[in-house]
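Numbering of residues begins at 1 and proceeds along the displayed sequence.
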Amino acid sequence: MSDYTIQQRRSTLEMFPDELFFELFEYIPLNDLYRAFFGLNTRIDTILKNLSNLFAEWTTNSDDRIINIFSSCINRLVVWRGGHLNLYRFNKLRSLKLALPTIQQCNEIQSSLTLEHLHIESSAISHTITEQLSFLFLTGAFPRLRTCRIDEIQFDQNIFQSKPTLLSLMTRTQHPIKLLSLCPMLMHLRLNLKNNINEFPPLDIHLNLRYLQLGIYSTEINLSSVESILSVTPNLTRFTLDGPCITPPQNKLDICSLASVFTRRLSKLRFVYISLPLSESQSDLKEFENEKELLKKLHPLFNDIVFRPRSYYAPGRLIISSIIDSKTVKSHIN
């Protein structure tokens with residue numbers, strides 16, 4: 001075979017259509033994309049600048065040049081650094097996570113961003129950030145928002161708009177019933193309760209919520225608070241309750257009463273996971289072994305009963321699940 005024939009059969013980048021590069025480049029990490037292809041030739045640079053679905057992690061100031069070059073192409077952004085971000089540059093941004101949020105960064109989150117996914121981690125200055133994000137959330141700044149995670153939603157404003165597109169939310173609030181009425185299409189809610197909730201007569205039944213996770217971070221939360229939420233969410237199929245880390249002075253969330261609420265309120269329930277602290281008087285594991293069968297009779301979904309002994313740092317816990325296999329339980333919770 002002649003050298004001319006071999007040269008003719010060699011593949012070059014110019015042989016491949018633009019569509020192949022558009023597909024391929026979306027799977028390459030942004031830093032690698034920049035180092036391997038940017039500046040290679042005019043055609044490749046043009047393709048790079050017209051990408052629309054790039055993922056980027058902005059970790060340090062050394063990433064600034066790369067982020068600036070591809071800002072109009074980034075669809076999903078995770079920020080691990082402080083300082084100004086100039087988010088107005090990211091005109092195709094649909095998913096934003098601030099891992100170390102600052103007030104400056106949160107002030108840049110405005111309605112001009114057509115976000116569908118928003119994740120703001122907690123921070124030491126969460127109170128000021130909460131006020132800013134609560135205002136944006138309640139005044140309809142994100143009309144396309146589908147998933148959201150923010151530390152708290154405060155209903156201090158009298159003006160708020162419905163979130164018809166929101167499907168998944170992780171937050172805390174003292175007004176869970178009002179929050180549910182604001183998000184009629186919500187299917188998954190992770191609600192952290194750190195203060196006793198402000199109860200008022202229930203509004204309309206929430207028909208779409210299927211998965212509710214309650215995290216209890218206060219010993220003041222009682223059965224009435226939990227039932228007020230479950231009373232407006234009758235279509236739940238999955239429910240988890242993670243009780244406080246310390247033993248309450250009184251047993252305000254006893255398992256017998258919870259089982260009765262499940263029976264009355266949640267006829268469609270298919271999965272349950274409950275973790276409650278045990279008092280000092282309930283620390284005898286041998287005694288609990290005799291009570292397992294009695295607890296299983298409280299509700300058809302109480303299939304697996306585990307008594308976790310107390311440690312130096314935490315009280316013992318009662319773990320109840322509808323699924324016996326621990327790996328399967330974790331997959332359901334997550």
Side-chain angles (χ1 to χ4, degrees), residues 98-101 118-131 133-134 137 147-156 168-180 182-183 186 188-200 209 211-233 236 238-255 257-258 261-262 271-280 282-283 306-321 329-330 332-334:
L98 300 183
L100 302 169
L118 177 63
H119 181 160
I120 311 295
E121 287 287 357
S122 299
S123 74
I125 52 173
S126 60
H127 178 71
T128 305
I129 290 175
T130 291
E131 292 179 350
L133 293 178
S134 291
F137 185 88
T147 66
C148 181
R149 176 176 176 176
I150 56 178
D151 188 60
E152 183 179 6
I153 297 175
Q154 297 176 345
F155 284 85
D156 296 333
S168 178
L169 174 64
M170 179 175 178
T171 190
R172 67 182 171 97
T173 184
Q174 288 185 269
H175 304 273
I177 310 300
K178 188 182 292 187
L179 179 64
L180 285 168
L182 186 67
C183 309
L186 201 63
H188 171 228
L189 174 62
R190 165 72 193 202
L191 187 61
N192 298 324
L193 301 177
K194 296 185 178 180
N195 304 102
N196 215 1
I197 67 175
N198 293 330
E199 300 176 9
F200 54 88
L209 195 67
Y211 186 17
L212 175 62
Q213 297 175 284
L214 288 184
I216 310 296
Y217 294 89
S218 169
T219 57
E220 297 303 313
I221 305 298
N222 54 34
L223 183 66
S224 176
S225 299
V226 174
E227 186 168 10
S228 67
I229 300 172
L230 299 184
S231 67
V232 297
T233 56
L236 287 180
R238 301 165 67 191
F239 176 75
T240 71
L241 188 147
D242 191 8
C245 294
I246 60 175
T247 306
Q250 296 178 349
N251 197 357
K252 297 184 177 182
L253 289 172
D254 68 280
I255 194 62
S257 299
L258 277 173
V261 170
F262 294 162
F271 170 81
V272 66
Y273 177 87
I274 302 168
S275 173
L276 295 174
L278 298 172
S279 65
E280 291 290 341
Q282 298 172 307
S283 59
V306 176
F307 299 104
R308 185 178 298 167
R310 66 170 290 120
S311 67
Y312 181 79
Y313 300 100
R317 296 191 79 81
L318 168 64
I319 313 292
I320 297 179
S321 174
V329 169
K330 289 181 180 180
H332 273 72
I333 293 175
N334 298 329

Open item on the list: Less than 4.5 Å apart, side chain to side chain, heavy atoms only: is that true for L241 and L276?
Closed with: yes
Open item on the list: Measuring from atom CG of D242 to atom CG of L193, what distance do you get when rounded to the nearest 0.5 angstrom?
Closed with: 11.5 Å
Task: Spatial distance of atom OG1 (T173) from atom NZ (K194) [nearest 0.5 Å] - done: 12.5 Å
- [ ] Evaluate the side-chain proximity of I229 to L191: yes if any heavy-atom separation is below 4.5 Å, no if none is.
- [x] yes
Task: CD1-CD1 distance between I255 and I320, expressed to the nearest 0.5 angstrom - done: 3.5 Å
Open item on the list: Please give me the minimum heavy-atom distance between P244 and P277, naming the atom from each residue.
Closed with: O-CG, 3.5 Å
TODO: List for me each residue that meets salt bridge (Lys or Arg N to Asp or Glu O under 4.0 Å) alongside R190, sequence neighbours excluded, and say none if there are none.
DONE: none
- [ ] For the pair T171 (side chain) and I150 (backbone), establish whether a donor and an acceptor sit closer than 3.5 Å, ignoring hydrogens and angles.
- [x] yes
TODO: Please test N192 against M170 for side chain to side chain contact (heavy atoms under 4.5 Å, CB included), starting from the C-alpha separation and ending with a verdict.
DONE: CA-CA 8 Å; N192 298 324; M170 179 175 178; 4.2 Å; yes
Task: Reported CG-to-CZ distance for the pair L318 and F307, which is rounded to 0.5 angstrom - done: 5.5 Å
Open item on the list: Measuring from atom CG of L169 to atom CD1 of I153, what distance do you get when rounded to the nearest 0.5 angstrom?
Closed with: 5.0 Å
- [ ] Specify the closest pair of heavy atoms between S168 and L186, including all atoms of both residues, with the distance to one decimal.
- [x] N-CD1, 3.6 Å
- [ ] Could you tell me whether the side chain of L214 reaches within less than 4.5 Å of the side chain of I221, counting heavy atoms only?
- [x] no
TODO: Determine the minimum heavy-atom distance between I177 and S228, stating which atoms define it.
DONE: CD1-O, 3.3 Å
- [ ] Could you label the plane-to-plane angle of the H188 and Y211 rings as parallel, tilted or perpendicular, counting under 30° as parallel and over 60° as perpendicular?
- [x] parallel
- [ ] Drop me the distance from L230's CG to F239's CZ, to the nearest 0.5 angstrom.
- [x] 5.0 Å
Open item on the list: Are Q174 and Q154 packed together at the side-chain level, in the sense that at least one heavy-atom pair is separated by less than 4.5 angstrom?
Closed with: no
Open item on the list: Can you confirm whether F155 sits close enough to S134 that some side-chain heavy atom of one is under 4.5 Å from a side-chain heavy atom of the other?
Closed with: no
- [ ] Decide yes or no on side chain to side chain contact (heavy atoms under 4.5 Å, CB included) for T233 and L189, but give the supporting numbers first.
- [x] CA-CA 11 Å; T233 56; L189 174 62; over 6 Å; no
Task: Pair E121-L98, side chain to side chain contact (heavy atoms under 4.5 Å, CB included): steps then yes or no - done: CA-CA 6 Å; E121 287 287 357; L98 300 183; over 6 Å; no
TODO: Check the pair F137 / L118 against side chain to side chain contact (heavy atoms under 4.5 Å, CB included), numbers first and verdict last.
DONE: CA-CA 11 Å; F137 185 88; L118 177 63; over 6 Å; no
